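Source: prediction; values computed, not measured. Protein chains get the first letters and strands the later ones, always in sequence-line order, with residue 1 at the start of each.
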Protein chains: 2
Amino acid sequence: MSDGRPTGGYGGESLLFLTDEQLRQGIEAMFFAYRGFTADPDRILAEIAYGRAHHRAIHFINRAPGTTVNNLLSILGVTKQSLNRVLRTLVGDGLVESRVGPVDKRERHLYLTDKGKALESTLSDAQRARMRAAYRDAGPEAVAGFRQVLEAMMDPEMRRAYTRLRDGS
Amino acid sequence: MSDGRPTGGYGGESLLFLTDEQLRQGIEAMFFAYRGFTADPDRILAEIAYGRAHHRAIHFINRAPGTTVNNLLSILGVTKQSLNRVLRTLVGDGLVESRVGPVDKRERHLYLTDKGKALESTLSDAQRARMRAAYRDAGPEAVAGFRQVLEAMMDPEMRRAYTRLRDGS
DNA sequence: CTTGGAAAGTCAATAACGCTGACTTATGCT
DNA sequence: AGCATAAGTCAGCGTTATTGACTTTCCAAG
């Protein structure tokens, strides 16, 4: 399990990409890349005294306008109390609007205000710029592989959330 | 910049993989995948009252035995105070050994004890299992692309740390 | 051989973000 | 009427990170 040789009992295919060493390099690549991934928005957020949690909420509200609190909860994978604290500041600062559900009045539907959209745009422009550079460097085939591996790494439940967003509700 | 069409002024190649929509999907894939990436070790760490910070320290001490505190600091990208708190518990719990530098006595060189190695093994087995499954599902070419994009996403300084580790100090 | 600076360790205070548990309010549905 | 659901809230806690200030130890250059 830790001898650097391929694992599994396959036949003659090259399974060298499944060695523990290769896997460890992948793990480290994820670690370092994720740092880069969040670095640009983090810088912007720090200036306005927000954190990553605010960014995530803004991102997904923008992505699925009108989403309910419960829906957002399951996407973000945090507790109601955690999300609520973030949401309260966002609503208080006039970035997010919370409207009573038209059909089920218990629900609150979340929307970005113009101000919220502006911040979302600033944040995602910064993040996209880095992604775009990385994508361009690596090329379309690498990007396809990148997406494929990431998708395979997700928990099944998160993969459902991901594909649902991707393919449009 | 946000119209869904390709950006950049290239010629006739298909740049559809550089649309804002594609980039956003990549961003979301990173978000969901990173959750999966940390989920398994997080579960183990929660049982023993450690956190991700302990895992990271253990990982890199195992990876580069004898590393100094300053070196670890720059790899992990945290402050001395943050790392020190983690390191103190790890040394106190007998997982990490801190030896005075043989040549420069100001330095402390960090090593995992047998107990530390055992925990490292448990944690990385869990994380590798998921990586291995994802790699196997996606195949060697996808993995190559995955690595390529991740590397391109890193900050230059982190990329140096990454390749230095990968290619062996 | 003194002095400046580097490496490490520490103390105190602060903040973001997450958690659990308990509870209320409003509403929908059977 | 009564149970369940969606949301919101209060209180308290823990981890991880931050900054600032300070000490000890030690190397190395003047």
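Taking 4.0 angstrom as the limit, H54(B) places a side-chain polar atom (N or O) nearer than this to OP1 or OP2 of dT16(D). Considering only side-chain N and O atoms, T79(B) lies under 4.0 angstrom from the phosphate OP1 or OP2 of dT18(D). Taking 4.0 angstrom as the limit, S98(A) places a side-chain polar atom (N or O) nearer than this to OP1 or OP2 of dG8(D). A close approach under 4.0 Å does not occur between any side-chain nitrogen or oxygen of N70(A) and OP1 or OP2 of dT5(D).
For the residue pair T67(B) / N71(B), a side-chain donor-acceptor distance below 3.5 Å is found, with atom types taken as modelled. A donor-acceptor contact closer than 3.5 angstrom links the side chains of T89(B) and H54(B).
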List the steps, then state whether salt bridge (Lys or Arg N to Asp or Glu O under 4.0 Å) holds for R164(A) with D167(A).
CA-CA 5 Å; R164(A) 210 179 311 126; D167(A) 305 335; over 6 Å; no
Tell me, with the steps shown, if E28(B) and H59(A) meet side-chain hydrogen bond (donor to acceptor under 3.5 Å, both in side chains).
CA-CA 9 Å; E28(B) 285 167 4; H59(A) 176 99; 2.8 Å; yes
Please walk me through it: do E120(A) and K117(A) pass salt bridge (Lys or Arg N to Asp or Glu O under 4.0 Å)?
CA-CA 5 Å; E120(A) 194 284 329; K117(A) 282 179 196 160; over 6 Å; no
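Across dT18(D), dG18(C), dC10(D), the shortest atom-to-atom separation from the side chain of R88(A) is found for dC10(D). Out of dG18(C), dA8(C), dA7(D), the shortest distance to the side chain of K80(B) is found at dA8(C). Minimum atom distance to the side chain of R85(B) is reached by dT18(D), of the listed dT18(D), dA6(D), dT9(D).
Taking atom CZ of R56(A) as the reference point, atom P of dC17(C) lies 8 Å away to the nearest angstrom. The CG atom of L76(B) sits 10 Å away from the P atom of dT18(D) (whole-angstrom rounding). Following rounding to the nearest Å, L87(A) (CG) and dA6(D) (P) show an atom-to-atom distance of 16 Å. Rounded to whole angstrom, the span from the CD1 atom of I48(B) across to the C1' atom of dT15(D) amounts to 14 Å. Here the P atom of nucleotide dT15(D) and the CD atom of Q81(B) are 19 Å apart, to the nearest Å. For N84(B) and dT23(D), the CG to C1' distance is 13 Å, given to the nearest whole Å. One interatomic measurement links the two molecules: CG of L110(B) to P of dA7(C), which rounds to 14 Å at whole-angstrom precision. Rounded to an integer number of Å, the gap from CG of L73(B) to P of dG9(C) is 10 Å.
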Between N or O atoms, less than 3.5 Å apart, protein on one side and nucleotides 25-28 of chain D on the other: list the pairs.
unit_1  : atom_1 : unit_2  : atom_2 : d
dC27(D) : OP1    : K105(B) : N      : 3.4

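No more than 12 heavy-atom neighbours from other residues, nucleotides or ligands sit within 6.0 angstrom of CD on E157(B).
R130(A) places a side-chain N or O within 3.5 Å of a backbone atom of M153(B) that can act as its donor or acceptor partner. Counting only distance, with no hydrogens or angles, the side chain of Q127(B) and the backbone of F37(B) share a donor-acceptor pair below 3.5 Å. At least one donor-acceptor pair under 3.5 Å links the side chain of T163(B) to the backbone N or O of R159(B). Checking side-chain atoms of K115(B) against main-chain N and O of D93(B) turns up a donor-acceptor pair under 3.5 Å.
Comparing the start and finish of the helix from dC1(C)-dG30(D) to dT30(C)-dA1(D), five pairs each, the helix axis swings through 20°, to the nearest 10 degrees.
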